A.B. asks: 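Below you'll find the structure I mean.
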Amino acid sequence: MSTPDNSTETGEKPLDFIRQIVTEDLASGKHSTPVTRFPPEPNGFLHIGHAKSICLNFGIAAEFNGRCHLRFDDTNPSKEESAYVESIKKDVQWLGFDWGENLFYASDYFDLLYDYAIELIKKEKAYVCCLSADEMREYRGTLTEPGKESPHRNRPVEENLKLFAEMKDGRHPEGSHVLRAKIDMASPNLNMRDPILYRIMNVSHHRTGDKWCIYPMYDYTHCLSDATEKITHSLCTLEFEDHRPLYDWVLDTLETPAHPQQIEFARLNLSYTVMSKRKLMQLVDENHVHGWDDPRMLTISGLRRRGYTPASIRNFCTEIGIGKRDSWIDMGVLENAVRNDLNSKAPRVMGVLDPLKVVITNYPEDRVEEVEGKNHPQNPDMGTRKLPFSREIYIERSDFLENAPRKFFRLDIGREVRLRYAYFITCNAVVKDEATGEITELHCTYDPETYGGNAPDGRKVKGTIHWVSAAHAVECEVRLYDRLFCVENPDADKETDFKEHLNPDSLTSLTSCLVEPSLRDAAPGTCVQFERQGYFCVDSKDSKPGALVFNRTVGLRDSWAKRKKK
RNA sequence: UGGGGCGUAGCCAAGCGGUUAAGGCACCGGGUUUUGAUCCCGGCAUUCGGAGGUUCGAGUCCUCCCGCCCCAGCCA
């Protein structure tokens, strides 16, 4: 029944090259079940690029009935903190993944790793080197010239054992000694020119405290951690391709429980943003944004606060695919992913961002009626809600235009529009501030026959606009976000600091917005669609009862705005 | 002129020698619509970085060329 067709059984999405390898390894019996791992270093917050890796690793585990470990790659205590461990766990869970019992730390293996190192020394495959960092750089050679062997390369085993033990016991200062693999100083692959395995660091570790003053390097730790956990497929990004020979060398030289296969894929690049932890940290530290979870940040916590759903991020990750090309994904693809998810999930409400008062002159002063609004026009299961309607309402300022062109389907003097779910109104007069000329109020009349929004005489209106009742509306703050940078690739020009491309208008705060009363007690995190405008969520940090704050997750597609631009 | 990778539409991405080169985003038309949203329907690569070659047949195989990315941390 084996078929060369690599599409899924239902034929929806073809398998990427990694899933093809996994499929083949299962078919050939090389593995009975795949075991993957997501191995973040706890030195910062997770971002959308990590989400790609998380979805890949946990996704494969779920699809092929395997498992995925969460392993903290905590081998450099000078940069790591347990606060990051907690935030990473939270983000992975929030994305919808579960590592079950399989939570590991590279630091769990420090004893094991030390024993393996002794093993290497005994096999004459590792030695203690006393060259300084500068000397070592000189000895390493260059891209085009081979390196020179260290004078300590042929130390006797006993001496290496003794020195390594002394390093471990804190008898040598930082930088004075390192343990190196004995491979090939003439290798065209710099990673194979006797790479460092252990360095001395007099730094306490967030988990092991002061037990150690020597810490293993990534290249040595990662492969052995993978092997120890019997990982089958060790997935990492392209820049580690050159490290694979070293990964394999360690596992071939030592006797380990398994020899996982390292497979590299392209990391995610998104237009109009930066992705590296260093740069994100700079934005936070220099107050260009308000913290790691600023809704403009493409961190998982920022996206969460912005109103992105876990499903939207997962869908985005499967949509963009896995490959080996350096690619730049357009920000619009991410935005499209939230719109798609929220379109079916978010209840519809009405909110006015830039209010313009409308007095319905033929509506009784003290009358209040209720009209019924659908919570989702395509999904009756989401029910309906009552909306108060009265003589004074607010509409969006941009829904009125004097001397409007024919194609403007909104309000102008003499034009009739529908107030969503309420009545047809016709504008009769404009009230302006005499000094500034600014429009302060509109006078309209309503047609009592059109309750609910339909005219018994069958007459049509071209436009339907949203509104709130002045006496019942809830005042709130709304924050609009735009892309953080003005250019597609803020990193492109090495001469210019990426921060010079920051978009000065990435945040707009509107403070006198009015939303319908059903939102009065909306809980933090609540996602809704403000009809005709976009998807918004109640801010999880700054929103308080009585002082609601909404974040615009993403606007609706707007073909009218596009048309106007032309 | 060191090594390792990668080139299919504006952006991603299928394609695994054999009919008219999937799909998504973007874009352009049209229809439905009490959201200028959603939804629906249609359009959008005579050509796969370039040039040769093998073959009855090449995006897929071979050769050469061109372009881009990564590597000289006691970071991961």
Side-chain angles (χ1 to χ4, degrees), chain A residues 4-7 11-16 20 39-41 43 73-76 78-79 129 131-133 136-137 140-147 174-180 187-193 196-201 215 217-219 221-222 236-245 264 266 271 277 319-337 339-340 343-344 348 350 373-374 376-378 407-410 418-422 452-454 460-466 488 529-534 555-563:
Chain A
D5 180 7
N6 76 351
S7 58
E12 299 135 357
K13 174 103 184 168
L15 260 33
D16 58 66
Q20 284 183 47
E41 181 186 14
N43 69 344
D73 227 331
D74 53 353
T75 58
N76 184 354
S78 67
K79 295 162 69 177
C129 182
L131 254 26
S132 70
M136 205 165 298
R137 187 162 35 248
R140 188 156 33 228
T142 68
L143 293 178
T144 51
E145 300 161 289
E174 281 189 15
S176 63
H177 297 67
V178 291
L179 183 73
R180 291 228 256 171
S187 171
N189 180 347
L190 293 270
N191 294 116
M192 298 298 272
R193 319 243 262 228
I196 293 172
L197 269 21
Y198 269 91
R199 77 288 213 186
I200 298 170
M201 288 180 97
Y215 292 96
M217 299 286 287
Y218 164 84
D219 282 308
T221 307
H222 204 88
C236 60
T237 44
L238 251 26
E239 65 267 31
F240 291 102
E241 279 179 314
D242 287 344
H243 295 241
R244 191 180 349 120
E264 310 85 9
S271 61
K277 268 184 206 170
E319 220 160 75
I320 59 175
I322 297 292
K324 299 192 71 159
R325 305 179 209 172
D326 297 305
S327 57
W328 285 85
I329 308 288
D330 195 282
M331 191 63 107
V333 180
L334 217 208
E335 293 172 345
N336 184 60
R339 275 197 206 98
N340 271 340
N343 176 44
S344 58
R348 272 55 173 170
M350 290 197 284
K374 292 176 179 157
H376 192 121
Q378 280 81 36
K407 290 285 191 182
F408 185 78
F409 302 150
R410 307 177 188 183
R418 170 167 40 231
L419 294 175
R420 180 82 155 149
Y421 299 126
N454 284 305
K460 302 282 186 218
V461 286
K462 215 34 186 155
T464 299
I465 65 174
H466 57 97
E488 279 196 23
Q529 183 198 88
F530 286 1
E531 290 206 41
R532 303 209 301 137
Q533 304 199 101
L556 255 28
R557 277 201 193 82
D558 189 349
S559 56
W560 169 244
K562 257 181 221 165
R563 191 194 179 95

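Note that the structure is predicted; figures quoted are calculated from it, not measured. Quick note: numbers below take in every heavy atom, side chains included, and nothing from hydrogens, waters or symmetry partners. Every chain is numbered from 1 and lettered A, B, ... according to where its sequence line falls, protein lines coming before strand lines.
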A.B. asks: Can you tell me whether the base of B/rG29 sits syn or anti, using the 90° cut around 0 to define syn?
C.D. replies: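 Anti, which is what one calls it when the glycosidic angle falls more than 90° from 0.
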A.B. asks: Between the base of B/rG36 and the side chain of A/R410, is there any donor-acceptor pair under 3.5 Å?
C.D. replies: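 Indeed there is one.
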A.B. asks: Which nucleotide wins on minimum distance to the side chain of A/R532, given the candidates B/rC12, B/rC75, B/rG36?
C.D. replies: B/rG36
A.B. asks: If you check the A/K79 side chain, which of B/rC75, B/rC74, B/rC70 turns out closest?
C.D. replies: B/rC75
A.B. asks: What's A/Q378 touching, base or sugar-phosphate or nothing? Going by heavy atoms closer than 4.0 Å.
C.D. replies: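 It contacts base atoms.
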A.B. asks: Could you check whether A/P146 gets within reach of a base, just the sugar-phosphate, or nothing at all, counting any heavy atom under 4.0 Å?
C.D. replies: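 The answer is nothing, as A/P146 stays clear of every strand by at least 4.0 Å.
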A.B. asks: Categorize A/F240 for me: base, sugar-phosphate, or nothing, with a 4.0 angstrom heavy-atom threshold over every strand shown.
C.D. replies: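 The answer is base, as A/F240 lies within the cut-off (heavy atoms under 4.0 Å) of a base atom.
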A.B. asks: Between B/rU35 and A/Q533, counting only base atoms on the nucleotide and side-chain atoms on the residue, is there a donor-acceptor pair under 3.5 Å?
C.D. replies: no
A.B. asks: Does a side-chain N or O from A/R140 land closer than 4.0 Å to OP1 or OP2 of B/rG73, or not?
C.D. replies: yes
A.B. asks: Could you tell me whether the phosphate oxygens of B/rC27, OP1 or OP2, come under 4.0 Å of any side-chain nitrogen or oxygen in A/R563?
C.D. replies: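 For B/rC27, neither OP1 nor OP2 has a side-chain N or O of A/R563 closer than 4.0 Å.
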A.B. asks: I'd like to check, for A/W560, whether its ring lies over the base of B/rG36 with centroids under 5.5 Å apart and a plane angle smaller than 30°.
C.D. replies: yes
A.B. asks: Scan A/I196 against the nucleic acid and name what it touches under 4.0 Å (heavy atoms): base, sugar-phosphate only, or nothing.
C.D. replies: base
